[in-house]
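Counting convention: from 1, in listed order, for ligands and their atoms alike.
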Amino acid sequence: MAVNIEAYDNINGELQSKNVQLVAVSKTKPVEDIKTLYDAGQRDFGENYVQEITEKQPALPADIHWHFIGHLQSNKVKYIAPFVYLIHGVDSLKLLQEINKQAAKNNRIIDCLLQIYIAQEESKFGLDENELQEIIANLSTLTNVRVTGLMGMASFSDDLSKVRNELHNLKTIFDKLKSQNLPANCQPSILSMGMSGDYQIAIEEGSTMVRIGSLLFGARK
Ligand SMILES: *Cc1c(COP(=O)(O)O)cnc(C)c1O
């Protein structure tokens with residue numbers, strides 16, 4: 001299925017009027033499709049797989065912001081550390097320590113979002129509130145990472161009140177974090193929640209960044 005430029009223009013207009021950032025999720029899609037959306041003005045793209053993102057990055061314009069939104073294994077951080085713009089799915093202190101190490105090797109500070117477990121079902125990854133606090137308590141020693149917000153995924157469910165409730169819970173955790181005493185490298189301003197199926201609800205519940213794939217690029221196989 002082809003890239004849907006009309007959907008892109010509509011969604012983009014809607015998001016800009018609400019001050020919400022769009023990450024176009026291009027996983028499994030060819031570089032030609034990314035280039036089509038790039039030419040329409042999009043600069044932020046999200047990928048889930050290390051091998052895919054490292055193959056696509058050198059084949060596309062250098063001013064693309066590459067977001068890693070998948071589950072990241074510690075032993076693969078080194079491959080994306082030279083260029084990744086924002087890592088959305090940080091779900092352990094061990095992973096954050098490895099990102100810090102690889103960021104230092106590349107003379108960079110890498111921005112990260114901590115992934116919070118909010119779905120009542122299906123979501124396998126993410127921190128609970130205690131684990132979130134443990135990471136915050138250890139953050140000041142990790143001088144090559146900056147935590148710029150939180151990320152979460154609601155249940156894949158037709159029960160929209162359940163989805164809304166989960167997204168609402170994430171916003172509550174986000175607000176609580178922002179009101180806390182935080183180390184200098186924790187500056188939470190991004191709340192990454194909302195996908196093709198629930199982005200409008202997510203925006204109503206306070207999302208500042210949505211990750212949309214299939215509405216823009218067509219269904220994945
Ligand atoms: C695939 C994916 C998306 C985009 O999903 P769509 O339903 O195609 O919009 C968003 N976030 C994450 C973490 C994903 O893995």
[X] and [Y]: side chain donor to acceptor below 3.5 Å:
X	Y	result
Gln51	Glu55	yes
Tyr199	Glu14	yes
Asp63	Tyr38	yes

Scan residues 137-153 for pairs that pass salt bridge (charged side-chain N to carboxylate O under 4.0 Å, His left out), counting only residues two or more places apart or in two chains.
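Pairs touching residues 137-153 that pass the test: Asp111-Arg146.
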Salt bridge (charged side-chain N to carboxylate O under 4.0 Å, His left out) against Lys76, all qualifying residues, sequence neighbours excluded:
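None.
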Show the atom names and distances, to 0.1 Å, of all donor-acceptor pairs under 3.5 Å that link a side chain in residues 78-89 to residues at least two apart or in another chain.
{"residue": "Lys78", "atom": "NZ", "partner": "Asn75", "partner atom": "O", "Å": "3.0"}
{"residue": "His88", "atom": "ND1", "partner": "Ser192", "partner atom": "OG", "Å": "3.0"}
{"residue": "His88", "atom": "NE2", "partner": "His67", "partner atom": "ND1", "Å": "2.9"}

Identify, chain by chain and in numerical order, each protein residue with a heavy atom under 4.0 Å from an atom of ligand 1.
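Residues within 4.0 Å of ligand 1: Val25, Lys27, Asn48, Ile69, Met151, Met153, Met195, Ser196, Arg211, Ile212, Gly213, Ser214, Arg220.
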